[in-house]
Amino acid sequence: MMTADKIKELIGSIHGVSLIEDFIIDEAGSLKGRIAVVTDQEHADLEWYVEISPTYPFKTMGMEPIHFQNKNLLDYPHIMQGGNLCMHPAEYDNAESQFVNDLKQLKEWVEKYYVRGEKDAHYEHLVVNHHTIRGQYYTFCFAETQEDFTEGDYGIVHYTTLPTGRKKDTPVINYVVQKFVSCVQVKNAEMFCRISKSYQELRSFKGVYCLLNNIPSVYNKFIVENYNSIRGLFSQSQKNYIHSFVVSHRGKCDFFPLFCGYRIPEGGVHWQAMILFMDDLPIEPVRVGTGKNRLWLTDFRQGQIQWAETVDISYKYFFGRGAMPKELANKKMLIMGVGAIGSILAETLTRCGAKNLTLYDIDNKEPGNVCRSAYPFYTGIIEKTLDITSLLTQISPHVECTSLKSIADLVIKTYAAGHEDKSALAEFFDEFDVIFDCTTDNQLMRVMDSIGTKAQLVNLSITNHAQDLICAFSPNVTETVLLVYGLFKHDVETDMYNPIGCWNPTFKASYNDIECKVQVAVKHIIKMLSKQEPLSDFYITEDDLNLKINKL
């Protein structure tokens, strides 16, 4: 535990840092004092108020256990609204080592940002303090639009609701923006957000948007918090339009969002949304001039802005922490068979950024499928393609998910049985770039192998107890799969699971058994289809220690 004497001793041992005011313990058990950091000959020493938590050096509730504060530095990078320096130093279990390192980080900040005046190259969103609004939090997600906005643009924003969430034991009202309809551009131009049709087709509600003439910020990083500070950023036409929306929607809604957009350095528009309640509107008519020259204009009155939280879910941010290569993500993929392997594959591809998936299966999801697939029990008996489509669109707002009718199995095999020339069948599948066959249907495998489609075929199958997973690429999928199965020494047909009733036996395996092999396989399939690895058939085996990839 840190003490005032120990702090004094450590500060005395560090060059460029001096103690200005001795540390004392307050009622909460925190140590508080004042220090100075040497700058250079042109600048005076920088003084900092320091507060050290009694939990030091451990963070609690995500909060750093030490604060360096100087309210005169708000114009500098990484200084927050209260004047606290935002830093994320290396962590030490030893309080003395942590304190020395924290002071080192402080000195580095002073040298880099205060003395040298450096600025960060990347854009940082405005800091918005999210408070409850009439007992609830409000959050709006938006994505980049297909078309651009004109300067001074304004109009209607359409948004839809998501399920209500909770944080800090308080409801969170969640929304997603669908489109912006301009009242400035020709023919009321519609600017759709780049999100999937499943979200665009949900019931819409309306608000107002205005593209501001400047960033609504203080010190270029904190959002303005009162209407007096933002009123000058709207054109008079925009303010009048807000009033016209109020007039036309009074009695139709209790509140509406006012989206305030501004251009960001890296391109595009970022949106902040304020909540305006009909029973306490922050706008009012203002009389300008006298006599015949008298006009009534709309303006904001004094008051605190009630900012909602906004989140940019554009593809580059949504998958910013990791995704498959863009070239592969943009390809059209068909997954035939969305059972144990196919459902896990579909979920993984979606979480990796796939944009266009078509699903096919002949079965319904039963409760017994849940233990080894990506399905939930909650949705009950339902077609597998419908259930997995619902899951995938809940995961990603960027995946367009469609399905083939189950009768496709009859159509494909009837055509294959009656036509020696399968070029028409090939043309049907040529619309896809990649086709994953996860059906374990050997007859369908042979048909798909023989039609000569331009699509890349990838066959995935698994043995009983998920002992082995086989991956074969076209051409010659059937030959490869049968060859690999012939290599296995264990009897893959014994100890199968026989459900109640007259059913075909199925293999036994837990979700974990299957999922770990599928994920390893998908990792390499993505690399192969992206040409980061040579295309090669392979199978995955398992011993007591690890998984082994065997390439053919």
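Q394 and S390 form a side-chain donor-acceptor contact under 3.5 Å, judged by distance and modelled atom types alone. Counting only N and O atoms by type, the side chains of Y76 and N70 include no donor and acceptor under 3.5 Å apart. There is no side-chain donor-acceptor pair under 3.5 Å between T3 and D5. For Y227 and D299, the side-chain atoms include no donor-acceptor pair closer than 3.5 Å. A donor-acceptor pair shorter than 3.5 Å can be found between the side chains of N129 and Q81. Checking S196 against S198 by side-chain atom types alone, a donor-acceptor pair falls below 3.5 Å.
Using the six-membered ring where Trp is involved, F180 and F259 have ring planes that are perpendicular, over 60° apart on the 30 and 60° scheme. Using bins of under 30°, 30° to 60° and over 60° for the plane-to-plane angle, the ring pair Y113/H78 lands in the perpendicular bin.
Closest approach of R34 and F23 over heavy atoms only: N-CE1, 4.4 Å.
H43 is listed as a side-chain neighbour of Y114, based on a closest heavy-atom distance under 4.5 Å.
Note that the CD1 atom of I35 and the CD1 atom of I7 stand 10.0 Å from one another [nearest 0.5 Å]. If you take CG on L73 and CD1 on I79, they are separated by 5.5 Å, rounding to the nearest 0.5 Å.
Stacking of K355 on the aromatic ring of Y315 is recorded, both the 6.0 Å distance cut-off and the 45° axial limit being met. K551 forms no cation-pi arrangement with F538, by the criterion of a distance under 6.0 Å to the ring centre and an angle within 45° of the ring axis.
Between H270 and F142, the distance separating the two ring centers is shorter than 6.0 angstrom.
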